[in-house]
Protein chains: 2
Amino acid sequence: MKHYTIKDIATKLNVSISTVSRAFNDKYDIKKETKDLILKTAKDMGYIPNPIAKKLSQKRSLNIGVVVPEFINEYYSEIVIALQEFLISEGYQILVMQSDENEEQEMKNVQTLIKNMVDGLIIAPTAGTTNMTYYLNLINEGNPIVFLNRINESIPAPKIVFNNVKWSFFATEHLIRQHYETIYHLSGYKNLSVTSERIEGFKKAMNKHKISKDNYKIIEAGLLAQEGMEVIEDLIFNHDIPNAFFCVNDMVALGAIKKLKENGYRVPEDVAVVGFTETRMAELVTPQLSSIKQPTHDMAKKAGELLLKVIKSGTSSEETIIFNGVFNIRKSSVKGDLI
Amino acid sequence: MKHYTIKDIATKLNVSISTVSRAFNDKYDIKKETKDLILKTAKDMGYIPNPIAKKLSQKRSLNIGVVVPEFINEYYSEIVIALQEFLISEGYQILVMQSDENEEQEMKNVQTLIKNMVDGLIIAPTAGTTNMTYYLNLINEGNPIVFLNRINESIPAPKIVFNNVKWSFFATEHLIRQHYETIYHLSGYKNLSVTSERIEGFKKAMNKHKISKDNYKIIEAGLLAQEGMEVIEDLIFNHDIPNAFFCVNDMVALGAIKKLKENGYRVPEDVAVVGFTETRMAELVTPQLSSIKQPTHDMAKKAGELLLKVIKSGTSSEETIIFNGVFNIRKSSVKGDLI
DNA sequence: TGAATTCTCGGAAACGCTTTCGGAAATAAA
DNA sequence: TTTATTTCCGAAAGCGTTTCCGAGAATTCA
């Protein structure tokens, strides 16, 4: 089976290649009949236009680059899947690269994608991304970019973020309202914006309810189960286990629960635990984990829409879209019966 | 900042574009000094070769397409990450597409990747993939393809598989040796090769130990936690809970454990459970889940190596590489103390 | 019926690179 | 010094498209 080209069709039909090209691109003048004829024979021959050649002569590639810090956790997997769903429906293809939480790899990924002439980029920066001038340059050079979470406020590009402050506030307040006296927050890596935002929400709730500083604490854990376990081990060693934990994400919460149980603490009877960025595990573990679900699907779709807007308009807006979630209260943070 | 081309360098240095091209491609005759000069000024100018143009004039794109059925579970995420690691080190870039367990989407993905001139494909077919003639054609047309798991034996291409029979045999034998009298296997979707292989291993162990057919059963569940839960609900309704379950994967096992616990069964005291294709959750849940770990990293790397071999040799071999795993025995399947 | 428009379409350049061919310059052999 | 080799490089075609320009044919308008 040959790879037919536009030229093959042209010679076969005894027309010029430009006419054939016109038949495929609506924007030029061509008689309806010739167009139909060309399209039909092209189809019969099994002709597939060569996207590489197309990319070379046009500017656009109909490819969108997506860079995520990882996709071993469900969160970014869901984002990528939703992104793909939307962008395919708009005629784009997405190329996914993951940075392995490595800043250098992230820049390489972005570079690779730009070299491959993607029409735009959706970037969820890796934890340590501090090199903002790099992104500033890219934007100034006219590369359409939309950022997803974890991003520095100052970047002049559309940003899709989750309202971490608000929902972390709710989660904390939920614990306060149940009269857990001492509440610790296990936070993420400190250079992440999500970390500081969730801390902010946590503190806000503490202030609102006038909780004494003796009764809460913020401890940097990380984002992995392992890191949650380590913190709990330290606390147990220091005989410093509070009545409740609010964790930066589900993995840390699950690690914490594991270590607590191993050491004879019952959850939630002795210690309550709340997670964040709900995963499918929340419903599967015992006790079921209270957590905050992020609307990954909507967030991804919005990111896609904004990117297409930037691409089409040619100018980068600077709007920040803030999303809200759902707080699923489950057994891990409720002593009595669930309503 | 301009996008420099080979031509810009040529005019600046007053050489021909072919000379500049030669400087970048080792295979041609060029004086060492001119080459160094060109390379240096190119670097100074910040020249980046245009991969699209390169693809058009050469045959190869240095891109590898990867198609997986999903990456919401850790398994394929790990595979993709390892694949990326290896292929990047070999100078390739990978383009990942997921088929959402949808056969039609899978064919679209493959088509898109081929159109985009990937040099080769690594495909983990989706559950329902029955359309083998499609792949046969692709291979006959000379597309380098390596298959990963789940694949029909008859396809004449390199295949990377896990030794499901053997390890499912071990898992089952482990349960038998502990004198669980009745053992049920919760299997996957029936058209999957992994499903039938794990069933085969299960049966083999039963036969070896001469277990009566009254004492074991194979029930089709699926691959999701939800499906594991549903099966357990049915069994409970029929008062048909065995002493032990061997599940097709961890998610089904976790779903099963959840439902069992909800209905008052203790794991492993009343019912033992073993999973497969170990996930990070195995160690985090209570009781910790016995499971079989697949060497995803090695499998992915091997797939990459074989693909490069096919690409370079130009001929598709037909070897099947079978991998072995590790059986991590944990609390969920052991009544007494773990050694 | 002749002039002015409007439709269609072919020719050709362009996108940025690779690669073959052949010739000039440099080197080695005679 | 002349001839034979080798080394290096420029010219140009080619990869498969798009798209500008302009010309002939068809149509409309006086």
Side-chain angles (χ1 to χ4, degrees), chain A residues 1-39 41-42 45-63 91 93 112 114-119 142, chain B residues 1-39 41-42 45-63 91 93 112 114-119 142:
Chain A
M1 184 170 161
K2 274 286 110 54
H3 227 211
Y4 289 109
T5 73
I6 218 176
K7 201 172 172 182
D8 297 322
I9 304 179
T11 50
K12 178 159 186 176
L13 260 55
N14 217 25
V15 296
S16 74
I17 58 165
S18 40
T19 305
V20 178
S21 173
R22 266 182 279 254
F24 286 99
N25 300 286
D26 275 338
K27 45 188 164 179
Y28 298 106
D29 312 329
I30 185 171
K31 211 200 300 184
K32 177 117 181 23
E33 300 145 44
T34 53
K35 174 174 175 175
D36 290 345
L37 177 64
I38 290 172
L39 255 36
T41 58
M45 292 169 74
Y47 163 77
I48 299 170
N50 181 328
I52 305 283
K54 202 171 205 160
K55 281 183 215 182
L56 186 61
S57 72
Q58 293 183 141
K59 284 299 175 187
R60 35 189 287 167
S61 69
L62 286 180
N63 283 168
Q93 193 205 174
T112 306
I114 288 181
K115 278 198 229 165
N116 271 275
M117 292 194 168
V118 292
D119 292 343
Chain B
M1 184 169 160
K2 273 287 110 54
H3 227 210
Y4 289 109
T5 74
I6 218 176
K7 201 172 172 183
D8 297 323
I9 304 180
T11 51
K12 177 158 185 178
L13 259 54
N14 218 25
V15 296
S16 74
I17 58 164
S18 40
T19 305
V20 179
S21 174
R22 266 183 277 254
F24 286 98
N25 300 286
D26 275 337
K27 46 188 162 177
Y28 298 107
D29 312 330
I30 184 171
K31 210 198 302 182
K32 177 115 181 29
E33 300 144 44
T34 53
K35 174 173 174 175
D36 290 345
L37 178 62
I38 290 172
L39 256 35
T41 58
M45 292 169 76
Y47 163 76
I48 300 169
N50 181 329
I52 305 283
K54 201 170 205 162
K55 282 182 215 183
L56 187 60
S57 70
Q58 292 183 140
K59 282 301 173 186
R60 36 190 285 164
S61 68
L62 287 180
N63 284 168
Q93 193 207 174
T112 305
I114 288 181
K115 278 198 228 166
N116 271 275
M117 291 193 168
V118 292
D119 291 344

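Each chain gets a letter, A, B and so on, in the order its sequence line appears, and its residues count up from 1.
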Worksheet item: Whole Å only: how far is the CD1 atom of A/I52 from the P atom of C/dT18?
Response: 14 Å
Fill in: Distance, nearest 0.5 Å, that separates NZ of B/K12 from OH of B/Y4
6.5 Å
Worksheet item: So does B/S21 get a side-chain nitrogen or oxygen closer than 4.0 Å to the phosphate oxygens (OP1/OP2) of C/dT18?
Response: yes
Item to complete: Could you please name the option among C/dC17, D/dG10, D/dT17 that lies closest to any side-chain atom of B/P49?
Response: C/dC17
Discussion item. How long is the straight-line distance from CD1 of B/I52 back to NZ of A/K55, given to the nearest 0.5 Å?
Written reply: 4.5 Å
Worksheet entry | Which residues share a side-chain hydrogen bond (donor to acceptor under 3.5 Å, both in side chains) with B/N50, sequence neighbours left out | none
Worksheet item: In terms of the nearest nucleotide of DNA chain D, which residue is placed more toward the 5' end: B/S16 or A/N50?
Response: B/S16
Discussion item. Just the rounded figure in Å: distance from C1' of D/dT7 to CD1 of B/I30.
Written reply: 12 Å
Worksheet item: How many Å lie between CG on B/D8 and C1' on C/dC17, as a whole number?
Response: 13 Å
Item to complete: Could you check how far NZ of B/K54 sits from P of D/dG16, rounded to whole Å?
Response: 19 Å
Discussion item. Could you work out how much the helix from C/dT1-D/dA30 to C/dA30-D/dT1 bends, comparing the axis of its first five pairs with that of its last five, to 10°?
Written reply: 40°
Worksheet item: Does OP1 or OP2 of D/dT17 have a side-chain N or O of A/Y47 closer than 4.0 Å?
Response: yes
Discussion item. Using side-chain contact (heavy atoms from CB on, under 4.5 Å), reason through A/K32 and A/D36 one step at a time and then give a plain yes or no.
Written reply: CA-CA 6 Å; A/K32 177 117 181 23; A/D36 290 345; 2.8 Å; yes
Worksheet entry | Residue list, side-chain hydrogen bond (donor to acceptor under 3.5 Å, both in side chains) with A/T19, at least two apart or on another chain | A/S16
Response to the item:
Winner on side-chain proximity to A/I17, out of D/dT17, C/dC9, C/dT18, is D/dT17
Discussion item. From CZ of B/F24 over to P of C/dG16, roughly how many Å is that when rounded to an integer?
Written reply: 15 Å
Worksheet item: What is the distance from atom OG1 of A/T34 to atom CD1 of A/I30, rounded to the nearest 0.5 Å?
Response: 4.0 Å
Worksheet item: B/L56 CG to C/dG16 C1': how many Å, rounded?
Response: 9 Å
Worksheet item: A/Y4 has an atom OH; how far is it from atom C1' of D/dT17, in whole Å?
Response: 19 Å
Practice prompt. Please round to the nearest 0.5 Å and tell me the distance separating atom OH of B/Y47 and atom CD1 of B/I9.
Written response: 5.5 Å
Fill in: A/T19 side-chain N/O to C/dT8 phosphate OP1/OP2 under 4.0 Å
no
Discussion item. Looking at B/S18, I'd like to know whether one of its side-chain N or O atoms comes within less than 4.0 Å of OP1 or OP2 on C/dT18.
Written reply: no
Worksheet item: What is the distance from CZ of B/R22 to C1' of C/dC21, rounded to the nearest Å?
Response: 11 Å
